[in-house]
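The structure displayed is predicted, hence computed values, not measured ones.
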Amino acid sequence: MFRTALSAIFRALPAEAAQAHCDGPCGVYDPASARVAAEAVLSMTKKLKAIEAPAAGDAAALATYNNTFSRYVAIKEEEATKAKKELMILWTDYFKPDHLATFPDLHDTFWKAAKLCSACKVNIDQGKAEELMAAVEKIHGMFWKSKGRNDAWVTAS
Amino acid sequence: MNTPLPAAGLKDLLLFFLGRRRLFQVEGNSMLPSFPPGQRLLVKMLPKSGKSPSPGSVVICRHPNDTNLVLTKRVWQSNGDWLELRGDNPAASTDSRQFGKVPLNSVIGVATAVIASPGGRSERQ
């Protein structure tokens with residue numbers, strides 16, 4: 001009875017919030033997600049460079065060209081955004097301050113990789129897309145080294 | 001290692017009104033099953049030169065990367081200057097596995113008692 005009354009008093013008092021939330025519930029990280037997105041960016045960049053504009057006066061061919069070009073750009077944009085998001089998750093959630101001792105260029109590597117994602121959105125630049133793939137490959141190496149593994153770099157295309 | 005916290009008593013109420021304890025409410029699922037969302041904890045402030053909380057203690061601390069965010073976690077390991085923290089529900093917890101070790105000066109205090117739920121046990125095990 002007394003204990004119940006005491007609890008009621010404590011429950012009526014204002015309490016400060018102590019967060020016990022989770023922003024990465026599964027704890028599963030893998031640079032493969034960023035690699036797949038970066039590969040898609042490179043693939044769409046190549047396709048955009050290869051697509052040929054139709055001859056003047058062919059309205060139907062122009063419509064098809066515009067539609068295909070727009071779709072390729074939209075996919076490139078979407079995949080570059082996805083690659084950036086996946087890289088940010090690895091950078092801010094997986095890697096810890098302790099990792100800087102092993103990888104002193106960790107911040108610079110991620111920062112440049114994220115910048116490359118943006119550059120691939122702004123331009124149709126195969127060189128930037130290839131640089132992004134190289135940056136993701138470097139991050140792949142850092143990630144697996146941090147786990148004491150040496151997983152091979154394998155691409156889908 | 002995880003000794004259940006006692007239910008708050010009259011002495012705790014007195015200490016609260018004397019400003020020697022603070023009252024916190026758990027929000028989120030990372031401390032399940034010990035502390036469900038809504039569970040209230042009485043917390044003893046950690047003095048600036050205070051001893052590092054021992055493993056198994058439940059602490060209230062500031063997030064190392066966002067000092068506006070106040071967290072509750074359990075001490076997994078401690079070396080005097082740093083604490084490694086874990087949620088009791090690791091599948092739903094962001095803790096030292098993600099944000100690394102937490103400096104001792106980020107710790108606000110250590111939970112000393114729980115406010116018993118109506119008809120419930122003080123700390124679920």
Side-chain angles (χ1 to χ4, degrees), chain A residues 1-31 33-34 85-111 114 139 142-149, chain B residues 7-10 12-13 16-17 21-32 34-43 58-61 63-66 69-73 87-101 108-109 111 113-120 122:
Chain A
M1 181 76 174
F2 171 72
R3 188 72 74 179
T4 306
L6 199 58
S7 296
I9 293 169
F10 274 119
R11 283 196 302 276
L13 291 167
E16 302 166 67
Q19 302 297 331
H21 286 293
C22 169
D23 56 31
C26 58
V28 176
Y29 300 98
D30 194 328
S33 306
K85 183 187 169 196
E86 294 295 337
L87 290 170
M88 297 301 281
I89 289 169
L90 289 174
W91 188 10
T92 58
D93 292 352
Y94 171 72
F95 282 101
K96 303 176 184 67
D98 294 354
H99 288 124
L100 283 168
T102 317
F103 311 112
D105 60 343
L106 186 139
H107 290 325
D108 194 52
T109 302
F110 272 99
W111 181 63
I139 288 164
M142 294 162 101
F143 176 85
W144 289 115
K145 187 176 177 185
S146 75
K147 287 182 162 280
R149 288 166 53 170
Chain B
L10 191 57
D12 296 297
L13 185 65
F16 174 79
F17 282 116
R21 297 286 185 274
R22 279 164 67 180
L23 187 60
F24 284 87
Q25 180 164 308
V26 176
E27 294 185 1
N29 295 320
S30 80
M31 290 303 283
L32 283 170
S34 309
F35 307 114
Q39 174 72 64
R40 291 187 162 205
L41 305 171
L42 273 171
V43 174
V58 174
V59 294
I60 305 289
C61 69
H63 192 292
N65 305 326
D66 179 1
L69 190 60
V70 175
L71 308 172
T72 180
K73 300 287 172 193
D88 284 2
N89 181 10
S93 176
T94 299
D95 47 39
S96 288
R97 295 169 300 167
Q98 285 80 36
F99 52 65
K101 292 172 185 169
I108 295 169
V114 294
I115 311 307
S117 304
S122 60

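- Interface residue B:Ile60: only side-chain heavy atoms are found under 4.5 Å from chain A.
- Using a 4.5 Å heavy-atom threshold, the side chains of A:Phe10 and B:Asp12 count as touching.
- The contact between B:Phe24 and chain A is made by backbone and side chain atoms together, counting heavy-atom distances below 4.5 Å.
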message: What verdict does the side-chain contact (heavy atoms from CB on, under 4.5 Å) test give for A:Gln19 and B:Leu69, after you've listed the backbone C-alpha separation in whole Å, the side-chain angles of each residue and the deciding distance to 0.1 Å?
response: CA-CA 7 Å; A:Gln19 302 297 331; B:Leu69 190 60; 3.6 Å; yes
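- The parts of B:Leu10 that come within reach of chain A are both its backbone and its side chain, each placing non-hydrogen atoms under 4.5 angstrom from that chain.
- Side chains of A:Leu13 and B:Phe17 form a contact here, defined as non-hydrogen atoms less than 4.5 Å apart.
- Annotation for A:Ala20 and B:Thr72: closest pair CB-CG2, 4.0 Å, computed over non-hydrogen atoms.
- Scanning all heavy atoms of the two residues, the minimum distance from A:Ser7 to B:Ile115 falls at O-CG2, 3.8 Å.
- Options A:Ala15, A:Pro14, A:Pro97 differ in how many heavy-atom pairs under 4.5 Å they form with chain B, and the most are formed by A:Ala15.
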Verdict with supporting geometry, A:Thr92 and B:Phe99, side-chain contact (heavy atoms from CB on, under 4.5 Å): CA-CA 8 Å; A:Thr92 58; B:Phe99 52 65; over 6 Å; no
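- Here A:Ala8 pairs with A:Arg11 under the side chain to side chain contact (heavy atoms under 4.5 Å, CB included) rule; sequence neighbours left out.
- Separating the CZ atom in B:Arg40 from the CD atom in A:Glu16 is a distance of 10.5 Å, to the nearest 0.5 Å.
- If you measure heavy-atom distances from B:Leu13 to chain A, the contacts under 4.5 Å come from both the backbone and the side chain.
- Within 6.0 Å of atom CE in A:Met142, more than 12 heavy atoms from other residues, nucleotides or ligands are found, so the atom counts as buried in its surroundings.
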